[in-house]
Amino acid sequence: MTEREKKREQVVARHAAKRRALKAVIADRGASDDERWDAQTALQKLPRNASPVRLRRRCGQTGRPRGVYRKFGLGRNKLREAAMRGDVPGLVKASW
């Protein structure tokens with residue numbers, strides 16, 4: 001699954017400029033209806049994985065898709081283990 005995510009990231013990066021240009025034409029109210037229609041059809045013909053919405057954030061160590069903290073790039077389990085070992089500076093277990 002992590003390899004699939006890496007492949008998706010590459011596809012998104014490859015088509016990012018073209019998607020941006022097509023979206024600009026679609027959003028441009030000054031463009032003719034035919035130009036906007038052609039831009040929409042061209043956008044639909046791009047691969048599905050070219051959309052950045054399809055990317056999923058995963059744990060850097062395990063590849064777990066859920067419970068991933070953006071700031072650390074780790075899943076909650078691995079982040080807890082790293083915090084207990086003292087590998088994450090400034091992160092301490094809460095106690096009150």
Open item on the list: Looking at every non-hydrogen atom in both residues, tell me the closest pair between Ala83 and Leu91 and how far apart they are.
Closed with: CB-CD2, 3.7 Å

Open item on the list: Do His15 and Pro47 make a side-chain contact, defined as non-hydrogen atoms from C-beta onward lying under 4.5 Å apart?
Closed with: yes

TODO: To the nearest 0.5 Å, tell me how far Lys78 NZ sits from Asp87 CG.
DONE: 11.5 Å

Open item on the list: Between Thr41 (side chain only) and Asp38 (backbone N and O only), is there a donor and an acceptor less than 3.5 Å apart?
Closed with: yes

Task: Nearest-0.5 Å distance, CG of residue Asp33 to CD of residue Gln40 - done: 10.0 Å

Open item on the list: As a quick check of understanding, evaluate side chain to side chain contact (heavy atoms under 4.5 Å, CB included) for Arg29 and Arg36, giving each step before the final call.
Closed with: CA-CA 9 Å; Arg29 294 291 176 185; Arg36 293 174 66 201; 3.0 Å; yes

Open item on the list: Please determine whether a side-chain nitrogen of the Lys or Arg among Glu9 and Lys6 lies less than 4.0 Å from a carboxylate oxygen of the Asp or Glu.
Closed with: no

- [ ] Work out which heavy atom in Gly75 is nearest to a heavy atom in Cys59; give both atom names and the distance.
- [x] N-SG, 3.2 Å

- [ ] Would you give the length of the straight line joining atom CZ of Arg70 to atom CZ of Arg57, rounded to the nearest 0.5 angstrom?
- [x] 4.0 Å

Task: Interatomic spacing from CD1 in Ile26 to CZ in Arg19 - rounded to 0.5 Å - done: 9.0 Å

TODO: Could you grab the distance from atom CZ of Arg8 to atom CD of Glu3, nearest 0.5 Å is fine?
DONE: 13.0 Å

Task: Test item: Arg58 side-chain N/O and Arg64 main-chain N/O as donor-acceptor pair under 3.5 Å - done: no

Open item on the list: As an exercise, state the distance from NZ of Lys7 to OG1 of Thr2, rounded to the nearest 0.5 Å.
Closed with: 13.5 Å

Open item on the list: With a 6.0 Å cut-off (strictly less than), is the heavy-atom count around CZ of Arg80, excluding the residue itself, greater than 12?
Closed with: no

Open item on the list: Side-chain heavy atoms nearer than 4.5 Å, only ILVMFWY residues, links allowed to pass through others: does that put Val12 and Leu46 together?
Closed with: no

Task: Cluster overlap Val25 with Trp37, hydrophobic side-chain contacts below 4.5 Å - done: no

TODO: Considering non-hydrogen atoms only, spot the tightest contact between Arg56 and Glu5 and give its length.
DONE: N-OE1, 3.0 Å

